[in-house]
Amino acid sequence: MRFSRSLAGLAIVGSILTASCSSTVDPSTTGDLASEIVEARSTTTEVADSSSSTAAPADREPQGSIGSDTIGDPLFPGLGNGGYDVQSYDLAIAVDGPTITVRALISIDATEQLERFNLDLIGLDVTRVEVDGRSARIKRTGRELEIDPGRTLYPGENFLLDIEYSGDPMPIDDPAGPAALGWYTEPFGTFVISEPSGAATWFPANDHPQDKARFRFAITVPSDQVAVAAGILEATDDNGDGTTTWHWYMRDPMATYLASVVTGDFAMIEEDPIGTIDVRHVVPIADAERLAPIVARQRPMLELFQDRFGPYPFDSHGVAVVDADLGFAALENQTLSIYDAEFFSPLTPDSFTDRVMAHELAHQWFGNAVSVETWGDIWLNEGFATWGEYYWVEQTGVDPWVGPPGNLGPLVGLAAPNLFDQNVYVRGGFTLEALRRTVGDEAFFALLQTWVERHSGGVASTQDFLDLVGEIAGADAQALVNTWLTDPQMPQLPPR
Ligand code: ZN
């Protein structure tokens, strides 16, 4: 059975949509990911010992590198690892209430000679680990999952890590606070908020923006539920046992903290595509008719931003609205920003909901396509998204550029607990507005577009931005931005 109601040009498709779907995987799109071999299950059944007392035997003590248990972020030394570069994560996740059972196929290029290497994984029970079909040993301490493949991996070599694990993921505390981060289970279903450190609560990750990768998700849920993840929906398979598997593909590089899965009792709203961009949202079923026209207000925002920032950087766009307290308004998960339902409540003014939607949408360019090189560069995310938000407000005829009360501190030299402080957002946005007023709209938008073109799919630093300002707008403009970034006093905006 299937229902879909027509509402202002939108189809609201209920959760029973799944029952009528069939597999439509296009093999031509699967070539560059590890999923080709997903069915070629290894016959090796040896279960790697997951106790922390398991070390490599003495006769295999490493002669070469053991990789690194950090990617070297000064503010978050626990995040990420060194010695390799993840190409893709292929995550087959069965969700059963609070429990997930996962098979992860991770395609990795060694960048150093490795006898062992680390991923980040918190909690959960690892039951099998293989590297290129051969059983590997593991050791777990804190968020480190150390893997000993039993042979030397050479620089430039690609290998496939195959991990099975299960358990009830638990959100973790993060110095950036206030919310615990990771995979959440709620009465209505599950969702993910990870920025910056929560991804490792649900998959083994090189958990830092510096190692972006492509993602495939095969999410199995009861057939009366919905499962949405980053990217585009390639197929839904009815497994004939009361469960359905939803196949999502994120073909553009994605930072681990932006990877998102949402499952449960949701309505899926499918809008007409915007050009080639698939548009789908998930919202609480009871609110679907009221929310459909509200989330559709992002269409003109997306069109405006494409005109000013350059093409929308991904294949799909949409939001997930969850009836839960996230500790903040929203998080810009790649192609599927997540929002606390409170910001769509009838009590929330439309203008405020629109600001948040414009902000998260701007992050798809600034934060998601172009990600921070280190977390201390966070104003490149939040300042840019705030500028986009204010620009949207300006376009609606309201002047957003009224100075904040009180001084807002500099944007460099942040500590981990201050990552999402007010100055990062507001002074960050004002910094770009000061640049815009100094160089004019034409040069400013050319600069933003060059920024995205140069760094889309990768990371960039504050220094990279200063360099680009110098290159495009000259030394005076560069000095102005530098003052805005570093001066203990927040400067005054130049007059328009
Ligand atoms: Zn933001």
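Just follow the structure's listing: the first ligand is 1, and inside any ligand the first atom is 1.
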Would you check if there is a donor-acceptor pair between the side chains of [Y] and [X] at a distance under 3.5 Å?
X    : Y    : result
T348 : T353 : no
R308 : Y391 : yes
D96  : T99  : no

At the Zn ion (ligand 1), what angle lies between atom NE2 of H363 and atom NE2 of H359, rounded to 10 degrees?
->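 Reported to 10°, the angle equals 100°.
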Any donor and acceptor pair, going by atom type alone, linking the side chain of N368 with main-chain N or O of W365 inside 3.5 Å?
->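 Not confirmed, N368 side chain does not pair with W365 backbone.
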Is the Zn ion (ligand 1) less than 2.8 Å from an N/O/S atom of E360, whether that atom is in the backbone or a side chain?
->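 It does not; every qualifying atom lies at 2.8 Å or beyond.
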Restricting to N, O or S atoms of E382, which is nearest to the Zn ion (ligand 1)?
->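 The E382 atom nearest to the Zn ion (ligand 1), restricting to N, O or S, is OE1.
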